[in-house]
Amino acid sequence: MKFNVSSKTLYNYASAVNKVINAKNALSILNNFLLRLDGETLTITGSDVENSLTATLAVTDVEGGGAFCIEAKRFVDILKEIPDQGIEISVDTHGNVHLTYSSGEYDFMAIDGADYPQYQNDEDDSEPQTFTCPASTIARGIKNTIFAVSTDDYRPQMMGVFFDIKPDQIIFVATDTRKLVKFTDSGVAPGITASCIIPTKPAQILSSVFDGEEEVTFSLSRKSASISSSSFTFNCRFIQGNFPDYNRVIPRSNTLTLTADRVTLLNAVRRVGLFVSQEYGLEKFRITPDSVEIKSEDNNLQMFARDKVPCSFTGESLIIGFGSNYLIEVLNIITSDDVVVDLADPGRPGIFRPSENAENTELIMLLMPMTVGSF
């Protein structure tokens, strides 16, 4: 078989599919792409057994058809180095691949496509639930929450992004017990009620690969999902189990409100964070009606840092502590000019939110405090 295609187009699709392939695979054939030519349509498939991603693109000057496997990393590396131009790929009956372009050529071997393992869909007799929404909605929801996903194997239900799908909105949630993020997008209307926990790797693939697409269609079964657009089809398995009841842990009675310029506060937290104790990572905050003083210290190394930024605070005075790295993550996610922090006392979590949310969205982030003996 033989076909022609743009080197840049093929590279873009192949590098996207390559995201699903693990660096090390139990089955060596999973180090390969499955390329299938059917008429003037070429599909590129990658898999790690749990997840499968397929890209579909048009090709020209087609002769024959069929399926073959080629080493994914080498194929992507070759395409990356070829200038943007038309290339011709041919495969003979012995599995010899011949790639040519205006000033060069490559020969390498392929494997019979029949040996490539097929992704097994969820064996469930029930009808899958389906909805369509803008791809940007999914990408935005994941990007706002994935940083809070747990890496603790003892809490597998927290090792992914929770999709709480309502007829008139989608709620994205992630937590690692130290922080929790809830992002609500009411600009979509899925028309169904469903929920699932998508693990970190497939969530990252969804947010990056589908971000440039216009619409995605979700087909949800009990254990897995099939997500498709005009160019890609992605199959992934869910994390089984019950996600924590996120609404119960979000405080409703934090009556003290701190408002500060987000960038000014973030820069101060970063500076002071250079001097935190590596064991605890604690930054202390003394908040007054017109300023917040930030302090860190490492007695073992005799290091100390203090900084102050202006703010507006509805209380008289409050001393509270937060983990430096966690706080930087939270402030980086917020995009508004000002950050608003709802507080109650030094022992209760703070609620971080933007001063202004994007239209039809709401971002709420909970951060647990750390014990502060004195400022």
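Remember, it's a predicted structure, so these values are computed and weren't measured experimentally.
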Shortest non-hydrogen contact between S47 and V20, atoms and distance:
N-CG1, 3.7 Å

Taking the six-membered ring of Y119, is NZ or CZ of R237 closer than 6.0 Å to its centre and within 45° of its axis?
yes

Counting only heavy atoms not in Y280, do more than 12 sit closer than 6.0 Å to its OH atom?
no

Inspect the surroundings of CG in D152 and state if more than 12 heavy atoms from other residues, nucleotides or ligands are less than 6.0 Å away.
yes

Determine whether the aromatic ring centres of Y116 and F33 lie less than 6.0 Å apart.
no

Side-chain H-bond candidate by donor/acceptor type, E283 with S296, under 3.5 Å:
no

Between T217 and T132, do the side chains contain a donor N or O and an acceptor N or O under 3.5 Å apart?
yes

Take T45 and T54, measure what side chain to side chain donor-acceptor pair (under 3.5 Å) needs, and give me the verdict at the end.
CA-CA 4 Å; T45 299; T54 298; 2.9 Å; yes

Beyond-backbone contact of D48 with L30, side-chain heavy atoms, under 4.5 angstrom:
no

Do F375 and E293 have side chains that get closer than 4.5 Å, going by heavy atoms?
yes

Between S226 and N235, do the side chains contain an N or O donor and an N or O acceptor separated by less than 3.5 Å?
yes

Is there a side-chain contact between P354 and T335 in this structure, where contact means two heavy atoms from C-beta onward sitting under 4.5 Å apart?
no

Student check: side-chain heavy atoms of D290 and T288 closer than 4.5 Å
yes

Please identify each residue that fulfils side chain to side chain donor-acceptor pair (under 3.5 Å) with N254, with sequence neighbours left out.
none

Check whether any side-chain heavy atom of D261 lies under 4.5 Å from a side-chain heavy atom of V309, and answer yes or no.
no

Say whether R348 and S253, considering side chains only, have a donor N or O and an acceptor N or O under 3.5 Å apart.
yes

Note, M109 side chain near N96 side chain (heavy atom, < 4.5 Å):
yes

Should we say atom CD of Q240 is surrounded by more than 12 heavy atoms from elsewhere, each under 6.0 Å from it?
yes

For F162 and F172, I'd like to know if the aromatic rings sit close, meaning centre-to-centre distance below 6.0 Å.
no

